Amino acid sequence: MSLYGGIELPGHPCPENVRRLDLLPIPQIRRMMRMGVGIDKEWLWELGSKLESRKVELRKEISSYVPPDKLEEFVSSSSGEGEGGMGLELNVESAEQVATLLFKLLGVGSGRQLKRTKSGKRVSTGKKQLETLKREHAIVPLILEYREASKLKNTYTDRLPEIARLHPRGEECLICGRPHREDHWRVHTEILTTRTDTGRLASKSPNLQNIPVRTVLGREVRKAFVPQPGWKLVAADYSQFELRLLAHLSRDANMLRIFREGGDIHLATAMRAFGIDDPKKVDKILHRAPCKNVNFGIAYGLTYLGLYDLMALTHATAGVPVPDWLDEAWCMEFILKWFELYPQCVEYFELQHYRAKRYEIVWTMCGRVRPVPEVRSVHKRIREAGLRQAGNMPIQGSQADIFKVGMARVERRLVEWRAAGVGVEALLPIHDELLVEVEEGWEDEVKTLLEWEMGRAMHDGQTGELRCRVPILTEGKVMEEDRWTKE
DNA sequence: TTAGAACGCGCG
DNA sequence: AAAGCGCGCGTTCTAA
């Protein structure tokens with residue numbers, strides 16, 4: 001944990017002008033926690049019961065693949081089961097049982113190089129692994145579907161209604177202080193400001209920063225979040241913020257040019273990397289996918305082996321066989337080529353690695369410091385992890401710095417709105433996105449406000465004399481359906 | 001019986 | 001041998 005924000009560490013010469021970071025918007029954050037976010041309990045109950053019946057079906061179907069004479073093995077290893085007499089079924093929640101069934105009894109993936117768990121005890125049954133084995137046995141997609149249903153039910157549809165609090169209609173709500181038109185339920189998260197090593201905020205009890213959005217079923221969960229009666233939800237997020245920051249921090253001419261021209265960075269990378277002239281000839285899986293993966297992954301220190309895994313997963317998920325020319329050597333070449341396209345990014349990472357090794361710290365645009373003593377470890381694995389953290393922290397951390405400035409700028413304006421009698425509240429910070437609730441009739445205004453204020457966070461005095469070298473794109477969205485949705 | 005590790009997975 | 005950054009949380013499994 002880094003509590004060093006803006007403070008120079010004794011004994012560490014700081015070679016550049018590291019500025020004080022003094023803009024944690026604590027009062028605004030406390031206000032968001034008090035407000036909470038509205039939820040539709042009936043929606044969650046209904047969704048939960050659908051998930052439950054699907055789980056029952058899937059569990060039955062999955063269990064039918066277990067050789068009957070081997071069932072005892074599972075019963076003996078699982079202690080909690082056994083209620084209900086005859087209900088001898090596989091516990092799909094147990095990774096151990098799933099592994100035994102798949103790899104010992106059914107021989108799935110035999111002759112293939114299978115990834116093992118972190119401890120090396122057995123073969124992994126993680127999503128990545130199972131995705132590549134999807135077509136080998138009909139049971140595999142069933143397990144994946146069960147896992148999704150189970151996750152959504154346990155973590156979201158069951159939990160959220162339990163911890164929601166009733167905000168009563170009336171002049172002044174005792175919980176949040178706002179007058180509500182009708183009774184409704186809200187969940188209150190705790191926002192932690194000193195939890196992360198990079199300066200990001202964290203959310204717990206419940207974590208509202210990981211509400212599903214990437215799958216169709218997941219988005220149904222997200223739809224359970226609603227505005228209070230008579231209000232609208234509005235959200236605004238930065239697009240490709242970390243990549244733009246890499247362009248800014250590295251001053252890479254090619255990357256800056258692409259962003260300044262407002263082009264599609266993944267497409268532009270694909271055209272240059274594969275030497276394609278016509279944008280229409282760029283294939284989504286063949287060309288754009290690896291570029292997207294590398295564009296995002298590079299800030300995390302992605303290696304050619306990681307890229308190979310990602311490519312295998314991309315193809316498996318799309319149901320396309322991996323082409324025979326796509327191997328680890330190809331991935332290595334591709335990453336080298338990527339750095340040739342964006343040569344100043346190499347210098348960026350070299351600079352961060354130098355700072356890490358020389359001073360054992362790296363820092364963000366606003367001067368938030370992260371110690372990285374790992375880079376001097378005697379263990380190569382730890383050292384390399386430390387270097388990846390060092391390369392990533394100024395990007396992720398600067399994103400957090402600027403996001404906070406954006407939040408502070410937004411809140412300053414919302415205070416004025418409230419003084420003028422408009423009901424408007426910030427509800428949730430999600431790393432590069434801010435969720436806001438506003439009285440009906442003001443939603444378009446507030447969307448414009450969010451885009452304006454967040455989009456100018458880099459011009460703020462707090463980020464110092466640093467010129468904004470890259471356009472920061474902010475996209476606001478009004479939830480017309482009165483549910484939290486994507487796009 | 002229980003605290004914590006292991007595993008897996010939701011999000012940016 | 002591992003091989004991608006930052007989080008929180010649910011269930012299963014294990015060691016005390």
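Proteins come first, then strands; the chains are lettered A, B, ... in the order of their sequence lines, and each starts at number 1. Quantities reported herein were computed from a predicted structural model and do not represent experimental measurements. Hydrogens, waters and symmetry mates play no part in the numbers below; they use all other heavy atoms, side chains included.
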Is A:R147 touching bases, backbone alone, or none of the nucleic acid, heavy atoms closer than 4.0 Å?
-> sugar-phosphate
Check every strand shown and say whether A:V221 touches a base, only sugar-phosphate, or nothing at a heavy-atom separation below 4.0 Å.
-> nothing
Donor/acceptor link under 3.5 angstrom from A:R214 side chain onto base of B:dG12 = yes
Of A:S94 and A:L307, the one whose nearest nucleotide on DNA chain C sits closer to the 5' end is A:L307
With heavy atoms under 4.0 Å as the rule, sort A:I211 into base, sugar-phosphate or nothing.
-> sugar-phosphate
Any side-chain N or O of A:N91 under 4.0 Å from OP1/OP2 of C:dT12?
-> yes
Interatomic distance, A:Y300 OH vs C:dC5 C1' [rounded to whole Å] | 6 Å
Just checking A:R388: base, sugar-phosphate only, or nothing, at a heavy-atom cut-off of under 4.0 Å?
-> sugar-phosphate
Contact class for A:T125 (heavy atom, under 4.0 Å): base, sugar-phosphate, or nothing?
-> sugar-phosphate
Which whole-number value in Å describes the distance from A:I143 CD1 to C:dT11 P?
-> 19 Å
Canonical and wobble pairing (Watson-Crick, G-U, under 3.5 Å) of DNA chain C, dot-bracket with | | ....||||||||||||
Counting only heavy atoms not in A:R135, do more than 12 fall under 6.0 Å of its CZ?
-> no
In whole angstrom, give the distance that lies between atom OH of A:Y308 and atom C1' of C:dG4.
-> 18 Å
Phosphate OP1/OP2 of B:dG8 contacted by A:T117 side-chain N/O (<4.0 Å) = no
Look at all strands and tell whether A:L192 reaches a base, only sugar-phosphate, or nothing, counting heavy atoms closer than 4.0 Å.
-> sugar-phosphate
Any A:K118 side-chain N or O less than 4.0 Å from OP1/OP2 of B:dG8 | no
Do A:Q396 and C:dC5 have a side chain to base donor-acceptor pair shorter than 3.5 Å?
-> yes
Are any of A:R159's side-chain N or O atoms less than 4.0 Å away from OP1 or OP2 of C:dG10?
-> yes
Considering only side-chain heavy atoms of A:S119, which listed nucleotide, C:dT12, B:dC11, B:dC7, is closest?
-> B:dC7
Closer than 4.0 Å, any side-chain N/O of A:T155 to the OP1 or OP2 of C:dC9?
-> no
Provide the distance between the two C1' atoms, one in B:dG10 and one in C:dA3, to the nearest whole Å.
-> 24 Å
Should we say atom CH2 of A:W43 is surrounded by more than 12 heavy atoms from elsewhere, each under 6.0 Å from it?
-> yes
Write down the distance between CZ (A:R381) and C1' (C:dA2), rounded to a whole number of angstrom.
-> 6 Å
For C:dG6, does OP1 or OP2 lie under 4.0 Å from any side-chain N or O of A:R370?
-> yes
For residues 216-227 of chain A, which side-chain N or O atoms pair as donor and acceptor with protein atoms under 3.5 Å away, sequence neighbours left out?
unit_1	atom_1	unit_2	atom_2	d
A:R219	NH1	A:V213	O	2.9
A:E220	OE2	A:K223	NZ	2.8
A:R222	NE	A:P212	O	2.9
A:R222	NH2	A:I211	O	2.7

Would you indicate what A:Y304 reaches in the nucleic acid, counting non-hydrogen atoms under 4.0 angstrom: base, sugar-phosphate, or nothing?
-> nothing
Which part of the nucleic acid, if any, lies within contact of A:K151, taking any heavy atom under 4.0 Å across all strands shown: a base, the sugar-phosphate backbone alone, or nothing?
-> base
Verify whether the ring centers belonging to A:Y348 and A:H248 lie closer than 6.0 Å.
-> no
Regarding the side chain of A:D432, the nearest nucleotide among C:dA2, B:dG12, B:dG10 is B:dG12
Taking C-beta and beyond as the side chain, do A:K55 and A:Y146 meet within less than 4.5 Å on heavy atoms?
-> yes
Counting just side-chain N and O atoms, does A:S124 come under 4.0 Å of either OP1 or OP2 of B:dC7?
-> no
Looking only at non-hydrogen atoms, find the nearest pair between A:M407 and A:P429 and report the distance.
-> SD-CB, 3.6 Å
Taking the six-membered ring for Trp, are the ring centroids of A:F334 and A:W338 within less than 6.0 Å of each other?
-> no
Within this structure, what is the CG-to-P distance between A:L208 and C:dC7, rounded to whole angstrom?
-> 18 Å
Of the listed C:dG8, C:dG6, C:dC13, the closest approach to the A:R195 side chain comes from C:dG8
Is there a donor-acceptor pair closer than 3.5 Å between any side-chain N or O of A:S53 and the backbone N or O of A:S49?
-> yes
How long is the line joining CG of A:D237 and P of B:dG12, in whole Å?
-> 9 Å
Nearest-Å distance for atom pair CD/P, residues A:Q97 and B:dC7 | 16 Å
If you check every side-chain atom of A:K204, which of B:dG12, B:dG8, C:dC9 has the closest atom?
-> C:dC9
With the side chain counted from C-beta on, respond yes when A:R122 and A:F103 share a heavy-atom pair under 4.5 Å apart, and no when they do not.
-> no
Per atom distances to the A:T303 side chain, the nearest of C:dT12, C:dC7, C:dA3 is C:dA3
May I ask you to verify if any side-chain N or O of A:Q389 is less than 4.0 angstrom from the OP1 or OP2 atom of C:dG6?
-> yes
What integer number of Å spans the P atoms of C:dA2 and B:dC7?
-> 12 Å
Are any of A:N207's side-chain N or O atoms less than 4.0 Å away from OP1 or OP2 of C:dC9?
-> no
5′-ward residue of the pair A:P206/A:A385 relative to DNA chain C | A:A385
Integer angstrom distance from the C1' of C:dA1 to that of B:dC9 = 25 Å
Out of B:dC11, C:dC5, B:dG8, whichever nucleotide has its closest atom nearest the side chain of A:R122 = B:dG8
Can you tell me how far C1' of B:dC11 sits from CZ of A:R219, to the nearest Å?
-> 14 Å
NZ of A:K292: more than 12 outside heavy atoms within 6.0 angstrom?
-> no
Taking A:C291 as the fixed residue, which of A:L341, A:I265, A:T269 is the one that meets the side-chain contact (heavy atoms from CB on, under 4.5 Å) rule?
-> A:T269
